[in-house]
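In what follows, every heavy atom counts, from backbone to side chain, and hydrogens, waters and symmetry copies are set aside. Numbered from 1 within each chain, the chains take letters A, B, ... in sequence-line order. The structure displayed is predicted, hence computed values, not measured ones.
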There are 2 protein chains.
Amino acid sequence: MNDLFESANTIKDELYRQLSRIGKCLSSDKRLEILTLLSQGPKTVEKLAAITGMHFANVSRHLQILLEAKLVTFTKNKTHAIYSLADPAVVDLLTSLWRLSEKQLADIAKLKDGFMNELDDVQTLSMEEVYDKINTQSILLLDLRPKEEFEIGHIPGAISVPMEELDSFMRELQKDAEIVAYCRGPLCVYSAIAAHKLKDEGFNAYRMDEGLNEWQQHFNNAKVPEASSSDKPPRRQ
Amino acid sequence: MNDLFESANTIKDELYRQLSRIGKCLSSDKRLEILTLLSQGPKTVEKLAAITGMHFANVSRHLQILLEAKLVTFTKNKTHAIYSLADPAVVDLLTSLWRLSEKQLADIAKLKDGFMNELDDVQTLSMEEVYDKINTQSILLLDLRPKEEFEIGHIPGAISVPMEELDSFMRELQKDAEIVAYCRGPLCVYSAIAAHKLKDEGFNAYRMDEGLNEWQQHFNNAKVPEASSSDKPPRRQ
DNA sequence: CTATAATTCAATCAATTGATTGAATAGTTG
DNA sequence: CAACTATTCAATCAATTGATTGAATTATAG
């Protein structure tokens, strides 16, 4: 009968080793960034390298590690490998990790507060506040991510204004528009920069910290009305 | 204006570094085990060392790492340091990690199936099935964890039968009892061993893979009726 | 077929992490 | 106070991981 307990212990140890296979993937800041980028849509190695600023071969190596742990998959298109997250549960894990880190690590608040203080006129709205504004007012909800990511999925009612197009977009915008900008989520501060620029140009602008993933998890795919001033009907995810 | 984008990138990189502080904690199987044990209640270093089989000083070192990342806290009682999880969100992260690992890593299913095949008469019930049995039948729900863990919290209606007391408990048990046994959760296979022993002795016994944490997350602290054959009123968590 | 592009693989070195041993520290008891 | 207990810290070595460079592989186009 002691055999059974020894077996139980061996199994338990091995189960924890399996758990740490995925745990190890989360130990690298670079891999966390790659996973987050892939949570916004499939991407080539080249694209990931460009966004993260990492060497090509290093990105590839991190991806092989994520592949081995079954966190990502890829398809081939000509000479390109297109990587994606292997399962939506990866997003759940990433947001759980973010939630805990944000709660426990004071350094994170310091970092974000410090940056926001540099842009001292920028106001952040919660998801509920944004949802209310969509319901009760005429606002422009700007998705600042690259178009390919917008097309994969976006908050209903949002319009796509990739960051590098913001300047030209502003030039054609009516001054009385009320604007909320969002980007990839809490680890991306582009929404703050955009809101700051818009306010500098006299617009009534806010930012939302969260991105599409957080929105979906929060509203659990509940039906959300479309922003009333949308020019073209946004394609539903 | 390029300064802002450089700042944004610097902030982004630093935010990912912060995220990886907690990510790094998850890269060790031993630390995952420690965190899971602490999710069942506060413990001394000594106790953790005894359960995990690790050297004393090694446990202490892992705990210092978890302390630095704010995943655990401790209080002093005489010469003893009692460690606890710093926040319930740690449990959320652990279960999210488990869910993903279980889904993605075939080796886990192989491990558990292999062990269950050794105990080929053991039947596993889902949490819903257990909940139904509690509602509709007279069952004994056995919590196999140490008493201290049971007292911190347990599934309503469960009675405490620590693993090492199972043999004596069986001797005083009516043969017609219907029994469901649970332990610390999916990474602990003691429930299978207990159900196997009970069935060997002629009892009508099942196991539940999940533990208290999973039960609470699943039923979201919904009110669950007490098992009708409970001898003493279980203390509510 | 050759040249090119995108990616992976292998080798190497640097950096980090895990485990152990023994010393140091803090608290308690007789 | 001395002796003991529980834990942490420091030093050391082994193991693992991260980053870089360059070679190898795969797919495509002319």
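Distance CD (E33(B)) to C1' (dG18(C)): 16 Å, rounded to an integer number of Å. One atom, CD of E68(B), and another, P of dT17(C), lie 10 Å apart when rounded to the nearest Å. Distance, L63(B) CG to dT8(D) C1': 11 Å, rounded to whole Å. Spacing between atom NE2 of H55(A) and atom P of dA10(C) amounts to 21 Å, rounded to whole angstrom units. Between the CZ atom of F56(B) and the P atom of dT20(C) there is a distance of 14 Å, given to the nearest Å. Following rounding to the nearest Å, Q64(B) (CD) and dT17(C) (P) show an atom-to-atom distance of 16 Å. Regarding R61(B), its CZ atom lies at a distance of 12 Å from the P atom of dC9(D), rounded to whole Å. One atom, CG of L32(B), and another, C1' of dT17(C), lie 15 Å apart when rounded to the nearest Å.
For H80(A), a side-chain nitrogen or oxygen approaches OP1 or OP2 of dT7(C) to under 4.0 Å. Under 4.0 angstrom from either OP1 or OP2 of dT8(C) there lies at least one side-chain N or O belonging to Y83(A). Proximity of S60(A) to the phosphate of dT8(C): a side-chain N or O atom is located under 4.0 Å from OP1 or OP2. Contact annotation: K30(A) reaches the phosphate of dA19(D) (side-chain N/O to OP1 or OP2, under 4.0 Å). Contact annotation: R31(A) side-chain N/O to dG18(D) OP1/OP2 distance is under 4.0 Å. For K24(B), a side-chain nitrogen or oxygen approaches OP1 or OP2 of dT17(C) to under 4.0 Å. In this structure, H62(A) reaches the dA19(D) phosphate: one of its side-chain N or O atoms is under 4.0 Å from OP1 or OP2.
Both K76(A) and D29(A) sit near DNA chain D, but only D29(A) has its closest nucleotide nearer the 5' end. Judged by closest nucleotide on DNA chain D, I65(A) is the one of I65(A) and A57(A) placed further toward the 5' end.
In this structure, CG in L119(A) is found 11.5 Å from NZ in K197(A), a value given to the nearest 0.5 Å.
Counting heavy atoms from C-beta outward, I193(B) and L144(B) have side chains that stay 4.5 Å or more apart.
Exactly one residue among V91(B), D209(B), T95(B) makes a side-chain contact (heavy atoms from CB on, under 4.5 Å) with E214(B). That residue is T95(B).
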Note to self: Walk me through whether R31(A) and D29(A) qualify under salt bridge (Lys or Arg N to Asp or Glu O under 4.0 Å).
What the structure shows: CA-CA 5 Å; R31(A) 280 201 292 279; D29(A) 53 339; over 6 Å; no

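Taking every side-chain heavy atom of S27(A) into account, dG18(D) is the closest of dT7(D), dA29(D), dG18(D).
In this pair, F150(B) and H154(B) present their aromatic rings parallel. The plane angle is below 30°, not in the 30 to 60° band.
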